[in-house]
Amino acid sequence: MKALFLSDEINQFHWSMLKSVLLILSLLPMSQVFLNVWQDLDASSQIMMGFLGLSVFSAVAIISFYQALNATVSTFNLDDLSKFDVVLVKVYRHLPMLFLAGMLSYLAAQI
């Protein structure tokens, strides 16, 4: 699929960034759902729900970290871009990792 303004590599990179950031942003509602369900249960079910919630949340956090790390170290040909575009792409690479650090910091402060 050809992009109108950007090269195919940059377009695919942009969509992978969006998917990575959306995956990271999904951590917040997921943590709230697990926390609300965990608080509404009785004591005997809290252990099981806590284990399930922690397992699912940590799995999604690990996948989010992998996606953010993959976006940070991605390489492609930047020869045909201007100097400003190259700097912009290099800064743009770190966006998912910044979102992940911010989201996990926020969740650590809330819980």
Inset, instruction - State, to 0.1 Å, how close Leu28 and Met103 come at their nearest heavy-atom pair, and which atoms those are. - result: CB-SD, 3.7 Å
Legend entry - Common cluster, Phe65/Leu22, ILVMFWY with side-chain heavy-atom separation under 4.5 Å: no
Inset, instruction - Please round to the nearest 0.5 Å and tell me the distance separating atom CD1 of Ile24 and atom OG of Ser64. - result: 5.5 Å
Inset, instruction - Measure the spacing between NE2 of His94 and OG1 of Thr72 and express it to the nearest 0.5 Å. - result: 6.0 Å
Legend entry - side-chain hydrogen bond (donor to acceptor under 3.5 Å, both in side chains) partners of Tyr66, counting only residues at least two apart: none
Inset, instruction - For atom CD1 of Ile47, decide whether the heavy atoms of other residues, nucleotides or ligands shown that lie under 6.0 angstrom number more than 12. - result: no
Legend entry - Donor-acceptor contact below 3.5 Å, side chain Ser55 vs main chain Phe51: yes
Inset, instruction - Compare every heavy atom of Ala71 with every heavy atom of Ser74, then report the nearest pair and how far apart it is. - result: OG-O, 3.0 Å
Legend entry - Value rounded to 0.5 Å, distance of CG in Leu35 from CD in Gln110: 10.0 Å
Legend entry - Spacing of CZ belonging to Phe34 relative to CG belonging to Leu52, to within rounding of 0.5 Å: 5.5 Å
Legend entry - Nearest heavy atoms of Gln67 and Leu23, plus distance in Å: CG-CD2, 4.1 Å
Inset, instruction - Using the test ring pair (Phe, Tyr, Trp, His ring centres under 6.0 Å), find all partners of Phe13 that sit at least two apart in sequence or belong to another chain. - result: Phe76, Tyr92
Inset, instruction - Following the transitive rule for hydrophobic clusters with a side-chain heavy-atom cut-off under 4.5 Å over Ile, Leu, Val, Met, Phe, Trp and Tyr, establish whether Val21 and Leu69 coincide in one cluster. - result: yes
Inset, instruction - Examine Leu18 and Leu98 and state if one hydrophobic cluster contains both, with Ile, Leu, Val, Met, Phe, Trp and Tyr joined whenever side-chain heavy atoms are less than 4.5 Å apart. - result: no
Inset, instruction - Flag yes if Val86 and Leu88 sit in one hydrophobic cluster, no otherwise; membership is Ile, Leu, Val, Met, Phe, Trp, Tyr, and two members link when side-chain heavy atoms are under 4.5 Å apart. - result: no
Legend entry - Separation between CG of Asn36 and OG of Ser31, rounded to the nearest 0.5 Å: 9.0 Å
Inset, instruction - State which residue, out of Tyr106, Phe99, Phe57, fulfils the side chain to side chain contact (heavy atoms under 4.5 Å, CB included) condition with Leu27. - result: Phe57
Legend entry - Joint hydrophobic cluster, Val60 plus Leu54, side-chain heavy atoms closer than 4.5 Å: no
Inset, instruction - If you link ILVMFWY side chains whenever their heavy atoms are less than 4.5 Å apart, which other residues fall into the same cluster as Ile62? By chain and number, please. - result: none
Legend entry - Interatomic spacing from CG in Leu100 to OG in Ser20 - rounded to 0.5 Å: 8.0 Å
Inset, instruction - Could you tell me which non-hydrogen atom of Pro96 sits nearest to which non-hydrogen atom of Met17, and how far apart they are? - result: CG-SD, 3.2 Å
